[in-house]
Amino acid sequence: MSILDVQNIKKSFGNTEVLKGVGFALEKGEVLAIIGSSGSGKTTLLRCLNFLETPDGGKIIVNGEVLFDSEDRKAHNEAEIRKKRLHFGLVFQSFNLFPQYTVLKNVMLAVELLSKERPDYKENRAEIRGEIEASARAILERVGLSDKTKAYPCQLSGGQQQRVAIARALALKPEILCFDEPTSALDPELTGEVLKVIRNLKSSDSTMIVVTHEMEFARSVADKVIFMADGKVEEAGTAEEVFDRPKSERTRAFFSKKA
Amino acid sequence: MSFQTVTMMLLEGFAENGLIFIMTLLFALPLGLILTFGSMSSFLPLKWLTKTFVWIIRGTPLMLQLFVVMYVPGLLFDISMPGSLFGIRISPRMFSALIAFVINYAAYFSEIYRGGIESIPRGQYEAGQVLGMTKRQIFFKVVLMQVVKRIIPPMGNEIITLVKDTSLARVIAVQEILWIAEEFTAMGLVWPLFYTGVYFLAFNGILTLLFGYIEKKLSYYRG
Ligand SMILES: Nc1ncnc2c1ncn2[C@@H]1O[C@H](COP(=O)(O)OP(=O)(O)OP(=O)(O)O)[C@@H](O)[C@H]1O
Ligand SMILES: [Mg+2]
């Protein structure tokens, strides 16, 4: 069974149909790269997966559990949506760190708030907090920032900020971690450190979806690649299939423009 | 009349200004927040009602509002203002003045709050959402502190304006510091009029220092 099964997602804003029926499936531990020109709907797709937008049509199934089905018309309350969101993590193009908190607190905050819902929270408060902090420190070590735990986001470079954002998303242990052009707000010399972190996550068996314009990176890290055009999946396959033997004329045109 | 007598009598007047100042802050700061939520509500009738109210209050002189609160309840509805507040004895005139000041400043504060809340980028809310936070948690843990930091300078300005505005209460015969000074002037003594400035400058000087301190406290981060 696939860890993620996305079927026929549709989304319009007013009269513009941005997603015209997008679907794909992902196995556990796989990395999916989504490429495509500007305006093709990549961000909108990730936002639908993370329930920041509600699709007009389609299905989202994680581990066999139907999280979203447009046929199912019953209204979902905030608490349910919140729970569904936690299957996914999202790293934004513009980081969106919380400026008033230290790096460590940025990583810990959401986990701490969530732990308050545990039935044993009151009794084991100190212990739970300790565990959360230890795990946050471990994650920051993994993204190479163990010396920055006390810094504030404004004191960090763009690359470091994005690595904190990745750590913050990882702290909630999402089943599927999504990245929306994680390096396109960065100076070229800083993209490397962020891509390296994502590459390392792959080796630790995380399931990831990466929207990117870094073709070399996509080719080397992705198990599957989707090329999106005009709100549709124009071409899908393994990295070799899509990059080396594209079937679609549009895909070829896209690569020749990039080259 | 001795310098000391004048000082003490002006100080008595300034106590009235101080009372208006404190009570206005005490009630207008939270009331402003309620108006903010009203004007940002997605329930349109409430939103427009609040916005119209704020527009009227901000678009008319405080002096007019003082007159309205002073005379309209009594003349039209035969309501008289109570003579005490929290067990403190105050004149009905003072009570009217407090109502007008609280409403007026709540309207101004609500606009400052709203500006602060709307200046927080959408990405902050979305980051909270994808991290599984509730709306409440996003407001209190993510947004609020950033709003406070952003509104401290405009709030400082507004509160310093309030100190000076308290003198307007004299138009409904609250015997605040300028009223007292004017009585001296009527007796041929002009310098107490200038002397009142010292009270205002001292009070606002302290407030300026206080706001400077808070701003500095919050400057540990940018953004
Ligand atoms: N909230 C919205 N309201 C109206 N239109 C929107 C909204 N969000 C996105 N769009 C439109 O949807 C289309 C697809 O946008 P999207 O951001 O998903 O593209 P993208 O593939 O991520 O592009 P890029 O590579 O530039 O990031 C664009 O034409 C955009 O203007
Ligand atoms: Mg995008």
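Scope of the values below: all heavy atoms of this structure, side chains included, with no hydrogens, waters or symmetry mates. Proteins get letters first, then strands, A, B, ... in listed order; numbering begins at 1 in each.
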Quick one: what part of [X] sits under 4.5 Å from any heavy atom of chain B, side chain, backbone, both or neither?
{"X": "A:I81", "value": "neither"}
{"X": "A:R168", "value": "both"}
{"X": "A:Y152", "value": "side chain"}
{"X": "A:Y101", "value": "side chain"}
{"X": "A:L113", "value": "both"}

If every non-hydrogen atom of B:L131 is compared with every non-hydrogen atom of A:A169, which pair is closest and at what distance?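 In terms of heavy atoms, the two residues are closest at CD2-CA, 4.5 Å.
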
Between A:L109 and B:M133, which heavy-atom pair has the shortest distance, and what is it?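 The answer is CD2-CE, 3.6 Å.
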
If you measure from [atom1] on [X] to [atom2] on [Y], what distance do you get to the nearest 0.5 Å?
{"X": "A:F98", "Y": "B:K141", "atom1": "CZ", "atom2": "NZ", "answer": "12.0 Å"}
{"X": "B:Q129", "Y": "A:L90", "atom1": "CD", "atom2": "CG", "answer": "11.0 Å"}
{"X": "B:K149", "Y": "A:Q100", "atom1": "NZ", "atom2": "CD", "answer": "10.0 Å"}

Would you confirm whether A:R82, through its side chain, and B:G132, through its main-chain N or O, come within 3.5 Å as a donor-acceptor pair?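 Side chain of A:R82 to backbone of B:G132: a pair is present.
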
Between the side chain of B:E126 and the main-chain N/O of A:L52, is any donor-acceptor distance below 3.5 Å?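 Side chain of B:E126 to backbone of A:L52, a donor-acceptor pair under 3.5 Å: no, none is there.
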
